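Report on the following structure.
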There are 2 protein chains.
Amino acid sequence: MAKGNTNPDFLNGVPELAVLRVLFDGPQHGYAIVQSISKRTGGTLQFGEGSIYPILHKLEQQGLLMTRREVAGGRERIVYRLSKRGSKQLEESCHRWQNVVQSVQALIEGGDNGLSPVVPAAS
Amino acid sequence: MAKGNTNPDFLNGVPELAVLRVLFDGPQHGYAIVQSISKRTGGTLQFGEGSIYPILHKLEQQGLLMTRREVAGGRERIVYRLSKRGSKQLEESCHRWQNVVQSVQALIEGGDNGLSPVVPAAS
DNA sequence: CGATATACCTAAAGGTTCAAGGTAATGACA
DNA sequence: TGTCATTACCTTGAACCTTTAGGTATATCG
């Protein structure tokens with residue numbers, strides 16, 4: 001049954017970053033966030049609701065998101081909006097992300113240029 | 001305790017990739033691998049031995065690494081070398097990594113410009 | 001009414017990484 | 001000789017995150 005393949009490739013912390021980023025462009029409710037992410041990445045990044053909602057709740061608890069109840073068409077929806085601290089966190093997360101990308105890139109590409117090989121054998 | 005906050009997030013599957021990449025440049029033993037990674041990334045990526053050894057064992061079990069016992073200075077060391085399948089896996093991992101990077105980048109940068117919405121504004 | 005899409009939420013499961021410890025052998029030093 | 005620091009290898013326990021797969025409820029359309 002549930003194959004439970006958890007953290008697939010290199011996505012870790014990415015859903016959280018995605019949520020923050022999407023909300024940066026304007027308030028949305030959970031269901032819409034899920035689809036915005038998919039839409040924005042051309043379907044490459046598809047996080048299910050089961051991944052997003054827990055994050056939404058966590059971020060709200062941390063004060064990074066504000067919520068507001070809205071009624072649209074008789075349906076109640078919870079609209080999430082980025083707080084000031086949320087914006088800050090987004091910036092920080094982006095920064096860390098770039099940092100990781102750079103490091104990994106250096107690792108991948110930084111093959112045999114310049115660096116001296118590990119030859120301790122002297123004595 | 002807890003997973004601490006030493007290393008930022010976004011590192012999932014990265015240690016594995018790092019191990020494969022480092023070994024691509026030549027056989028090494030575990031301890032050296034740990035330090036090679038740190039050295040190559042200028043200390044940005046520092047995975048402890050507790051992270052690396054389990055990966056080493058897993059990769060060996062999967063046939064991606066070959067081992068050879070060596071005796072250097074009376075000490076026995078286990079030297080790991082990339083297998084053919086390991087090389088293939090490295091290439092594939094790099095590819096997936098680039099893929100994720102692209103997607104996230106699109107998400108971060110692709111605010112509301114450029115991409116055509118799904119609804120091409122009829123009438 | 002029944003089916004579908006929207007909207008929200010939770011539980012169980014599984015894999016990953018981390019910190020922190022443990023064991024040994026060597027070489028240096030006094 | 002004894003001890004210290006370093007190298008090398010290994011294991012454990014906890015905590016974390018994401019996913020799958022459900023569960024609930026309302027509105028709209030045929």
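Keep in mind that what you see is a predicted model, and the values were worked out from it rather than measured. Chain naming here is simple, since letters A, B, ... match the order of the sequence lines and numbering starts at 1 in each.
- Remark: the B/Ser93 side chain and the B/Glu16 side chain contain no N/O donor-acceptor pair separated by less than 3.5 Å.
- The distance between atom CG of A/Leu11 and atom C1' of C/dT16, rounded to the nearest whole Å, is 13 Å.
- Residue order along DNA chain D, read from the 5' end via each residue's closest nucleotide, puts B/Gln35 first among B/Tyr80 and B/Gln35.
- Nearest heavy atoms, B/Asn12 versus A/Phe10: O-CD2, 3.0 Å.
- Using a 4.0 Å cut-off, no side-chain N or O of A/Tyr53 falls inside it from OP1 or OP2 of C/dC9.
- Between the CG atom of A/Leu59 and the C1' atom of D/dC17 there is a distance of 13 Å, given to the nearest Å.
- Looking at heavy-atom distances under 4.0 Å, A/Gly48 makes no contact with the nucleic acid at all.
- In the set C/dC8, C/dT17, D/dC10, C/dT17 carries the atom at the smallest distance from any side-chain atom of B/Asn12.
- At the heavy-atom level, B/Glu16 lies nowhere under 4.0 Å from the strands shown.
- Distances shown here put every side-chain N or O of A/Tyr31 at or beyond 4.0 Å from the OP1 or OP2 atom of C/dC8.
- With distances taken from any side-chain atom of A/Pro15 to the nucleotides D/dT18, D/dC9, C/dC18, the minimum falls on D/dT18.
- Regarding B/Glu60, its CD atom lies at a distance of 13 Å from the C1' atom of D/dC9, rounded to whole Å.
- Of the possible polar contacts, one joining the B/Ser83 side chain to the B/Gly63 backbone as a donor-acceptor pair under 3.5 Å is found.
- Take the nearest nucleotide of DNA chain C for B/Glu49 and for B/Lys58: the residue whose nucleotide is more 5' is B/Lys58.
- With distances taken from any side-chain atom of A/Ile55 to the nucleotides D/dC10, D/dT18, C/dT17, the minimum falls on D/dT18.
- For A/Gln98 and B/Gln105, the side-chain atoms include at least one donor-acceptor pair closer than 3.5 Å.
- Residue B/Glu70 contributes atom CD, which lies 15 Å from atom C1' of D/dC9 at whole-angstrom precision.
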